[in-house]
Amino acid sequence: DSGVTQTPKHLITATGQRVTLRCSPRSGDLSVYWYQQSLDQGLQFLIQYYNGEERAKGNILERFSAQQFPDLHSELNLSSLELGDSALYFCASSAETGVADTQYFGPGTRLTVL
Amino acid sequence: ELKVEQNPLFLSMQEGKNYTIYCNYSTTSDRLYWYRQDPGKSLESLFVLLSNGAVKQEGRLMASLDTKARLSTLHITAAVHDLSATYFCAVDWGDDKIIFGKGTRLHILP
């Protein structure tokens with residue numbers, strides 16, 4: 001158990017809908033990262049937050065947004081969902097924001113868009 | 001174009017053997033990460049390599065980085081069944097550009 005929790009574990013929704021994925025980092029970790037893993041695109045880095053502020057932005061679509069709250073949990077919002085958004089979404093946390101910091105991954109949320 | 005290529009993509013090997021997974025990338029970087037993913041599970045960070053010549057070892061796994069050749073290797077020594085997993089490398093070019101390889105699915109036969 002990495003100490004990172006993600007909810008929900010599974011999510012099934014329809015095209016055009018909006019969903020919110022939640023991530024709670026390990027106690028004391030200030031950085032949260034979001035990743036997408038799909039059969040088509042493989043693993044992709046989406047976005048990183050550090051202590052409430054956006055720190056790095058990867059291949060995140062404009063239909064997607066994220067935020068990190070004062071209690072350090074993070075949410076990834078996916079809107080106008082398309083079939084191709086079906087994927088596993090992982091979050092990870094690390095203590096700080098340095099490139100050498102070990103990231104600890106949550107169990108993931110499996111999103112199915114029908 | 002920024003590219004990361006892993007090979008092989010699939011590897012079936014006997015316990016006790018040694019093997020190497022390769023991660024080639026297109027443009028100079030001195031930041032490379034290795035991850036492990038068990039079937040149906042999440043990711044686990046294995047190694048962070050941050051300079052030319054960096055070598056990190058954990059148990060039967062050893063990772064190295066040659067920034068001039070734009071190549072990282074993950075070497076498995078005397079493989080055991082528990083190392084069966086998919087291994088990913090990822091290259092960080094800064095400016096928020098991080099690209100993962102397609103992964104190497106490793107199956108170690110008892």
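Letters A, B, ... are given to chains in the order of the sequence lines, protein chains preceding strands, and every chain is numbered from 1.
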Report yes or no: does B:Ser45 contribute a side-chain atom to a donor-acceptor pair with the main-chain N or O of A:Gln103 at less than 3.5 Å? yes
Counting heavy atoms not belonging to A:Leu39, are there more than 12 under 6.0 Å from its CG? no
Kindly indicate whether the side chain of B:Gln37, heavy atoms from C-beta on, has any atom under 4.5 Å from the side chain of A:Phe105. no
Do the side chains of A:Ile60 and A:Tyr33 join up, straight or via other hydrophobic residues, at under 4.5 Å, putting them in one cluster? no
Report yes or no: do A:Leu61 and A:Val19 belong to one cluster of Ile/Leu/Val/Met/Phe/Trp/Tyr joined by side chain heavy-atom distances under 4.5 Å? yes
A:Arg55 versus chain B, the contacting section by heavy-atom distance below 4.5 Å: backbone
Checking an interface table here. Which of residues 46-65 of chain B come within a heavy-atom distance under 4.5 Å of chain A? B:Val48, B:Leu50
Heavy atoms only: give me the nearest B:Lys41-A:Phe90 pair and the separation to one decimal. O-CZ, 4.0 Å
Same cluster for A:Val4 and A:Leu21 if Ile/Leu/Val/Met/Phe/Trp/Tyr side chains link at under 4.5 Å? no
Against chain A, residues from residues 67-99 of chain B with at least one heavy atom under 4.5 Å, in numeric order, are B:Phe88, B:Asp92, B:Asp96, B:Ile98
What do you reckon, is CZ of A:Arg26 surrounded by more than 12 foreign heavy atoms closer than 6.0 Å? yes
Taking every non-hydrogen pair under 4.5 Å, which of A:Gly58, A:Pro107, A:Gly108 racks up the most with chain B? A:Pro107
Single-linkage hydrophobic cluster, 4.5 Å side-chain cutoff, A:Ile47 and A:Leu81 together: yes
Proximal component of A:Gln48, with respect to chain B [non-hydrogen, under 4.5 Å]: neither
Are A:Leu88 and A:Trp34 connected, step by step, through hydrophobic side chains (Ile, Leu, Val, Met, Phe, Trp, Tyr) whose heavy atoms are closer than 4.5 Å? no
Checking heavy atoms, do the side chain of A:Phe45, its backbone, both or neither come under 4.5 Å from chain B? both
Contact list (residues 8-34 of chain B to chain A, heavy-atom gap under 4.5 Å, by number) returns B:Arg31, B:Tyr33
Suppose we screen for side chain to side chain donor-acceptor pair (under 3.5 Å). Which residues come up paired with A:Arg63, at least two apart in sequence or across chains? A:Asp85
Do the two ring centres, one from A:Tyr35 and one from B:Phe100, sit under 6.0 Å apart? yes
